[in-house]
Amino acid sequence: MYVKSLVKLTKGRAKICLDSGTDFVLYKKEYESYGIEEGAELSSSDYQQICTDILIPRCKKRALHLLEKQDRSEKNLRDKLKEGGYPSDIIDIAIAYIDDYGYLDDYRMACSHIRFYMESRSKRRIQQDLMNKGIKSDVIERALEEEYTCDETDQIQRLLEKKEYNPDEATYEQKAKMYRFLAGRGYSSEAINRALN
């Protein structure tokens with residue numbers, strides 16, 4: 001295999017693109033020690049050594065660091081590692097490593113998200129947020145069933161008070177605007193109409 005391109009990034013790093021379609025990021029000292037430069041040949045054994053000695057340990061460490069700050073879904077963690085310039089096969093190894101220790105748990109992450117947002121967001125909005133984070137729908141449903149205990153009517157009333165909405169004095173335009181606002185938050189038409197009238 002040969003080095004198709006070497007693109008210098010910030011902090012003394014470079015993105016190395018191989019002709020096989022594999023991309024990875026190394027620091028200057030690292031890629032220079034392997035004689036990596038544009039158009040140069042990279043032996044399979046050197047690539048394997050780079051993976052074993054540098055990329056795999058670094059990817060595992062990065063994954064742990066990302067999970068240290070907050071629970072993440074597997075998809076979100078994969079996306080973050082990909083942004084960091086790790087090849088998919090290296091990411092798979094890091095995810096398997098993290099998974100073996102039970103640090104990656106989509107259900108736990110979903111429950112945590114629900115507990116944090118259930119006072120201020122509708123059930124439907126939370127469901128959409130979790131789907132966008134790559135959580136499977138059966139996991140979301142189970143977590144919502146276990147954790148979501150809020151009364152959405154009370155939530156809507158609090159939002160209306162916060163917006164100083166008075167249903168007795170509201171014009172048609174004000175009602176329509178408030179309806180759009182609440183619908184955008186994921187509340188059902190039935191719950192919104194009940195609160196606005």
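Along the sequence shown, the residues carry numbers beginning at 1. Side-chain atoms are counted along with the backbone in the values below, which use heavy atoms only and exclude waters and symmetry mates. If you're wondering where the values come from, they're calculated on a predicted model, not measured in any experiment.
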Is there a donor-acceptor contact under 3.5 Å from the side chain of Gln155 to the main chain of Met118? yes
So does Arg58 pair up with Glu30, basic N to acidic O under 4.0 Å? yes
More than 12 heavy atoms of other residues, nucleotides or ligands under 6.0 Å from CD of Glu145: yes or no? no
Could you go through Asp106 and Lys75, starting from their C-alpha distance and side-chain angles, then the distance that decides it, and tell me whether this counts as salt bridge (Lys or Arg N to Asp or Glu O under 4.0 Å)? CA-CA 9 Å; Asp106 283 0; Lys75 180 191 180 302; over 6 Å; no
Qualifying residues under side-chain hydrogen bond (donor to acceptor under 3.5 Å, both in side chains), relative to Glu119, sequence neighbours excluded: none
Contact summary for Ile156 and Ile192, nearest pair of heavy atoms: CD1-N, 4.2 Å
Just list the side-chain donor-acceptor pairs under 3.5 Å for residues 8-15, sequence neighbours left out, or say none.
residue: Arg13; atom: NE; partner: Thr10; partner atom: O; Å: 3.3

Around Met1, counting heavy atoms of other residues, nucleotides and ligands shown, do more than 12 lie under 6.0 Å from its CE? yes
His113 and Tyr117 aromatic ring geometry - parallel, tilted or perpendicular at 30°/60° bounds: tilted
Cation-pi check, Arg142 onto Tyr107 ring (under 6.0 Å, within 45° of axis): yes
Taking all non-hydrogen atoms of both residues, which atom of Glu37 and which atom of Leu6 are closest, and how far apart? CA-CD1, 4.0 Å
With sequence neighbours left out, which residue pairs that include part of residues 19-28 fulfil the side chain to side chain donor-acceptor pair (under 3.5 Å) condition? Ser20-Thr22
Using a cut-off of 6.0 Å, state whether more than 12 heavy atoms not belonging to Lys175 lie near its atom NZ. yes
Spatial distance of atom CG (Leu182) from atom CD (Glu152) [nearest 0.5 Å]: 11.0 Å
Between Arg108 and Asp71, is a salt bridge (Lys or Arg N to Asp or Glu O under 4.0 Å) present by the stated rule, with each step listed? CA-CA 8 Å; Arg108 184 182 67 220; Asp71 278 333; 3.5 Å; yes
Using modelled atom types only, decide if a donor and an acceptor are shared between the side chain of Glu147 and the backbone of Leu144 within a distance under 3.5 Å. no
Kindly say whether Leu42 contributes a backbone atom to a donor-acceptor pair with the side chain of Asp46 at under 3.5 angstrom? no
Name all residues meeting the side-chain contact (heavy atoms from CB on, under 4.5 Å) criterion together with Arg185; count only those two or more places apart in sequence or in a different chain, and write none if there are none. Leu159, Phe181, Tyr187
Close side-chain approach of Leu55 to Leu26, heavy-atom, < 4.5 Å: yes
Just by modelled atom types, is the Gln49 backbone N or O under 3.5 Å from a matching donor or acceptor in the Thr52 side chain? no
State whether the number of non-hydrogen atoms from other residues, nucleotides or ligands found under 6.0 Å of Glu190 atom CD is greater than 12. no
Please tell me whether Glu141 and Gln127 have a donor and an acceptor in their side chains that are separated by less than 3.5 angstrom. yes
Selection residues 32-60 - residue pairs positive for ring pair (Phe, Tyr, Trp, His ring centres under 6.0 Å), sequence neighbours left out: Phe24-Tyr47
Taken in chain and number order and not counting sequence neighbours, the residues that satisfy ring-ring contact (aromatic ring centres under 6.0 Å, His included) with Tyr179 are none
